[in-house]
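Reading through the structure tokens given below for one structure.
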Protein chains: 2
Amino acid sequence: MMTIKELAKKLNISPSTVSKALNDSPEISLPTIKRVKEAAKIYNYKPNKVALSLKSNSTKTIGVILPDILNHFFAKVLLGIEKEATENGYNIITCLSNEFTSKEKDSLELLSNGSVDGFILSVAEETQVSKESAHFKSIKDQNIPLVMFDRVANDIECDKIIIDDFKAAYDATKFLIDKGRKQIALISNIDNLSVGKLRLDGYKKAIEDHQEVSTETLILSVDRSEDPQKKIADFLDKHKNIDGIFAADNTSGVVAINLSRSKGKSVPEDISVIGFADASIANYSTPKLSTINQHADEIGRMSLNLLIKRLHNKDEIKKYETTVIPVTIDQREST
Amino acid sequence: MMTIKELAKKLNISPSTVSKALNDSPEISLPTIKRVKEAAKIYNYKPNKVALSLKSNSTKTIGVILPDILNHFFAKVLLGIEKEATENGYNIITCLSNEFTSKEKDSLELLSNGSVDGFILSVAEETQVSKESAHFKSIKDQNIPLVMFDRVANDIECDKIIIDDFKAAYDATKFLIDKGRKQIALISNIDNLSVGKLRLDGYKKAIEDHQEVSTETLILSVDRSEDPQKKIADFLDKHKNIDGIFAADNTSGVVAINLSRSKGKSVPEDISVIGFADASIANYSTPKLSTINQHADEIGRMSLNLLIKRLHNKDEIKKYETTVIPVTIDQREST
DNA sequence: CTGAAAGCGCTAACAG
DNA sequence: CTGTTAGCGCTTTCAG
């Protein structure tokens with residue numbers, strides 16, 4: 001790789017002149033600037049990023065720690081982060097916790113040595129269950145900016161991007177109620193996550209406010225290690241009076257639709273279904289799943305923007321923001 | 001952040017002694033080593049990654065450029081890459097070309113300034129169509145190691161990890177033939193990709209070898225911008241004699257199953273379906289899709305390993321390897 | 001307008 | 001066994 005020093009030698013001028021010329025310093029004469037830039041192009045000179053980072057004490061790189069990249073939601077958030085990062089001249093280092101606290105901790109540890117300027121993360125399942133947060137605290141203590149999205153740690157003060165899970169679930173359930181549904185089930189494979197609990201609460205409250213039904217037998221909790229089809233099929237067999245389903249996670253909605261139809265029920269006539277997901281997932285069921293759209297890409301973009309804002313005013317003591325992204329209901333064929 | 005210099009001052013010894021002590025140099029006495037390490041722990045000293053990179057002229061970071069992170073296959077490859085990278089002490093910078101040549105080019109350009117030690121990539125759709133390859137060539141000219149997987153550029157010599165798409169498609173089609181299927185359709189939304197073409201060829205050859213059917217009317221090409229459900233539904237309506245479907249892409253298989261059943265056909269009795277996908281996608285259809293498993297995570301792991309091998313013998317002129325990962329057929333309920 | 005020199009944080013050759 | 005020094009590639013102050 002060509003360096004400034006080498007370039008300077010070729011041009012018979014000093015390295016500092018070359019550097020200034022490349023940066024359009026007013027100290028340098030126009031002819032020299034021109035000469036230097038031409039030579040730079042010819043020799044395909046590129047400023048060494050690492051040297052720049054060392055000098056400026058900033059890497060223009062963000063660490064992103066995701067619980068599960070196979071989850072469509074996180075993939076889409078990553079898409080949003082990457083897009084916004086590119087536009088702002090940042091790179092992203094991606095780490096996957098795979099829901100484990102140890103991996104999450106290691107990733108934070110490993111990258112907090114000057115590798116990145118800040119972090120964006122969503123809390124791993126294991127961490128949410130154990131409520132561990134020392135590793136997050138440690139990042140804060142090192143004064144490294146941190147943005148959490150979706151699954152956030154309540155006892156850590158930092159910038160956060162979330163949706164109103166309670167309200168979204170409430171509204172989705174109400175949506176089914178308004179369609180005349182009397183026995184609305186909740187299916188969830190995320191009931192040990194913060195967002196899962198909020199969605200459960202929202203569902204319960206909506207039923208409580210508008211119907212005289214006990215939700216006890218209407219709630220199905222699926223473990224992600226189990227076969228969802230079997231679990232949901234058994235559930236539907238056992239509760240034949242169900243006429244509405246609110247799926248609190250990404251995938252149960254389409255599974256529920258496909259299964260219902262294979263059991264001879266028609267959707268949405270016999271069973272109406274709505275779930276948290278987006279358009280591409282909705283396509284996996286016939287009829288297409290109506291969804292609560294979290295605008296995952298938007299969450300990604302906003303997370304990055306919030307982080308950048310924080311990076312630019314690193315010393316200013318500015319109150320941490322929690323931004324709530326509004327969800328929308330995308331009505332399709334299943335309701 | 002604590003530096004060696006500061007640490008040295010606290011201990012009243014020279015920075016070089018501290019550096020050597022931290023690295024267990026035999027030049028340093030054991031008591032000193034102990035003293036230094038204890039101080040390092042107390043002050044939470046971490047070697048600055050950027051300085052290390054500058055010194056060693058290597059970042060221990062890999063650039064990964066993916067065409068589409070919402071595609072489950074690429075997400076899973078990323079999972080494999082990340083896992084293997086972590087085990088080998090590498091970080092990954094993720095860039096998403098979103099199928100565009102310009103973004104792919106920019107990402108390569110932007111990262112080839114010392115940001116990464118090498119690249120892993122799968123070629124963007126637009127690039128495969130236009131057959132552009134100057135930007136890949138440029139990376140080679142700069143002597144930056146490059147591994148391509150799945151969608152590879154034939155006119156670029158580099159390490160490659162692929163599957164035998166022709167054979168996989170041939171075998172999958174043959175699999176349906178052996179089940180007694182007479183009118184086997186191909187559905188694909190990737191016919192302008194290298195792998196899509198190979199799969200089409202494999203399908204055609206299998207039919208040609210074993211049946212006296214013209215495949216002309218049995219091939220459905222879906223544009224990814226269209227509504228796949230509508231397109232596939234129309235196709236099935238038009239060709240009611242179809243009794244087998246080979247889905248050459250990730251998603252059409254499950255859509256085809258769900259649609260077939262909604263049209264009153266039973267799967268696999270009336271229509272038998274197999275597709276390129278993996279277990280989690282297979283779950284989106286009832287009955288569950290039988291799949292050709294590409295072992296995407298394995299592809300990711302091997303890509304990274306190949307790259308690391310190349311990095312470790314950067315000067316050695318070693319012939320480029322093309323590794324073919326064997327696929328397997330995961331028989332489920334749809335065949 | 002150009003150049004010499006210091007320094008970002010670290011390692012390593014060399015001197016003592 | 002410990003310390004001094006130079007240098008990775010770059011920017012920037014200061015001197016000329």
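Keep in mind it's a predicted model, so treat the numbers as computed, not measured. Letters go in sequence order (proteins before strands), and every chain restarts at 1.
Contact check of residues 4-12 of chain A against DNA chain D (heavy atom, cut-off under 4.0 Å) returns A:I4, A:K5.
For the pair B:S56 and A:L22, both in contact range of DNA chain D, the more 5′-proximal nearest nucleotide belongs to B:S56. Residue order along DNA chain D, read from the 5' end via each residue's closest nucleotide, puts B:I13 first among B:N57 and B:I13. Comparing B:A51 and B:E27 along DNA chain C, the residue whose closest nucleotide (by nearest heavy atom) sits nearer the 5' end is B:A51.
B:S29 comes within contact range of the sugar-phosphate backbone alone, with a heavy-atom separation under 4.0 Å but no base atom that close. Among the heavy atoms of the strands lying under 4.0 Å from A:T3 are primed sugar atoms or P, OP1, OP2 only; no base atom is included. Using a 4.0 Å heavy-atom cutoff across all strands shown, B:T32 reaches sugar-phosphate atoms only and no base atom.
Salt bridge status for A:E132 with A:K137: absent, with no side-chain N to carboxylate O gap under 4.0 Å.
Among B:E84, B:H295, B:E82, the single residue meeting the side chain to side chain donor-acceptor pair (under 3.5 Å) criterion with B:R301 is B:E84.
Between the side chains of B:H135 and B:E109, no donor-acceptor pair is found at a separation under 3.5 Å. No hydrogens or angles considered: nothing links the side chains of B:T323 and B:K160 as a donor-acceptor pair under 3.5 Å. Counting only N and O atoms by type, the side chains of A:T59 and A:S53 include no donor and acceptor under 3.5 Å apart.
Residue A:T17 places at least one side-chain N or O under 4.0 Å from the OP1 or OP2 atom of C:dG3.
The interatomic distance linking A:L54 (CG) with C:dA6 (P) rounds to 18 Å, in whole Å. In this entry the distance linking NZ of B:K20 with P of C:dA15 reads 13 Å, nearest Å. A:I33 places its CD1 atom 9 Å from the P atom of C:dC1, with the value rounded to the nearest Å.
Within the 3.5 Å criterion, the main-chain N or O of A:A8 finds no donor-acceptor partner in the side chain of A:N12. Listed for the B:K103 side chain is no donor-acceptor partner under 3.5 Å among the backbone atoms of B:N98.
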Derivation and outcome, side-chain contact (heavy atoms from CB on, under 4.5 Å), residues A:F149 and A:I120: CA-CA 7 Å; A:F149 71 89; A:I120 296 176; 3.7 Å; yes
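Put simply, chain B comes within 4.0 Å of DNA chain D, heavy atom to any atom, from D:dC1 to D:dG9, going 5' to 3'.
Within 6.0 Å of NZ in B:K318 there are more than 12 heavy atoms belonging to other residues, nucleotides or ligands.
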